[in-house]
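Contents: one structure, followed by commentary.
Here is how names work: the chains are called A, B, and so on, in the same order as the sequence lines, proteins then strands, and each is numbered from 1. These numbers were taken from a predicted model, which means no experiment stands behind them.
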Amino acid sequence: GDSVTQMEGPVTLSEEAFLTINCTYTATGYPSLFWYVQYPGEGLQLLLKATKADDKGSNKGFEATYRKETTSFHLEKGSVQVSDSAVYFCALSDRRTSGSRLTFGEGTQLTVNP
Amino acid sequence: GAVVSQHPSRVICKSGTSVKIECRSLDFQATTMFWYRQFPKQSLMLMATSNEGSKATYEQGVEKDKFLINHASLTLSTLTVTSAHPEDSSFYICSAAGATLYNEQFFGPGTRLTVL
């Protein structure tokens with residue numbers, strides 16, 4: 001079945017540091033890939049998405065590129081802020097095999113210190 | 001657009017009582033709604049998937065008589081935790097998906113249930 005693996009956390013960075021959170025996936029079909037962010041005590045917010053190979057999703061300074069050859073969708077940001085502290089979830093969905101159902105990674109806790 | 005609300009945001013109840021959580025899509029028609037449970041510092045666990053007008057599909061290990069799901073309209077789904085016990089205390093999150101091309105789910109803000 002489909003699965004998503006994220007780098008283990010927690011990740012602690014200083015403000016303005018470069019961020020990478022690794023995400024790899026296995027899927028039988030051609031999934032769409034997502035990054036969600038969860039702030040404390042809240043639900044999930046879509047951060048960015050990519051629907052086909054080589055697509056780059058971007059939002060609020062975050063980027064991720066859909067790499068089919070390495071089955072990866074790593075999240076990057078050039079300069080993190082304290083307000084980026086949250087839990088980040090990588091996820092995939094394959095409409096042809098599972099409709100709108102999402103498969104989530106384990107989540108990565110990011111803490112950014114001033 | 002694509003806003004999903006949940007009510008209540010927090011609820012505390014006594015053991016043995018039932019609790020209903022509402023999930024509404026405010027500005028789109030949700031053909032499918034999902035209910036998740038999240039334990040502290042863990043990922044989301046899918047409990048069930050519901051399509052408007054039909055019975056919910058429960059994930060393995062989730063008691064359908066314990067967690068009653070109703071999806072009566074294209075904008076409302078409810079989760080009722082029946083005869084709640086302390087082990088049911090958790091963060092419950094719903095999401096909704098419409099007829100979009102790229103499988104996007106929109107998430108509610110979550111409901112914190114505490115059973116005393």
Short N-O contact, A/R101 and B/E59, less than 4.0 angstrom: yes
Shorter than 4.5 Å, heavy atoms on both sides: which option in B/G108, B/G110, B/P109 has the most such pairs with chain A? B/P109
Pick from B/T49, B/T32, B/L44 with the largest number of heavy-atom pairs that fall under 4.5 Å of chain A: B/L44
Going through the checks in order, is the side chain to side chain contact (heavy atoms under 4.5 Å, CB included) test met by A/Y36 and B/Q105? CA-CA 11 Å; A/Y36 286 89; B/Q105 290 184 28; 4.3 Å; yes
Under 4.5 Å between side-chain heavy atoms, counting indirect links through other Ile/Leu/Val/Met/Phe/Trp/Tyr residues: same cluster for [X] and [Y] or not?
{"X": "A/I21", "Y": "A/F89", "value": "no"}
{"X": "A/L75", "Y": "A/L92", "value": "yes"}
{"X": "B/Y92", "Y": "B/F34", "value": "no"}

Which region of A/Q45, side chain (C-beta onward) or backbone (N, CA, C, O), has a non-hydrogen atom less than 4.5 Å from a non-hydrogen atom of chain B, or is it both or neither? neither
Please look at A/L46 and chain B and tell me whether the side chain, the backbone, both or neither of the residue comes under 4.5 angstrom of a heavy atom of that chain. side chain
Please check: side-chain N/O of B/S43 versus main-chain N/O of A/G105, any donor-acceptor pairing under 3.5 Å? yes
If I compare all heavy atoms of B/F107 with all of A/L102, which pair ends up nearest, and what's the gap? CZ-CD1, 3.9 Å
For residues B/I93 and A/E42, determine if any side-chain heavy atom of one lies less than 4.5 Å from a side-chain heavy atom of the other. no
Heavy-atom proximity to chain A below 4.5 Å, by part of B/Q38: side chain
Tell me whether [X] at atom [atom1] has more than 12 heavy atoms from other residues, nucleotides or ligands lying less than 6.0 Å away.
{"X": "B/K66", "atom1": "NZ", "result": "yes"}
{"X": "A/E8", "atom1": "CD", "result": "no"}
{"X": "A/Y30", "atom1": "OH", "result": "no"}
{"X": "B/H7", "atom1": "NE2", "result": "no"}

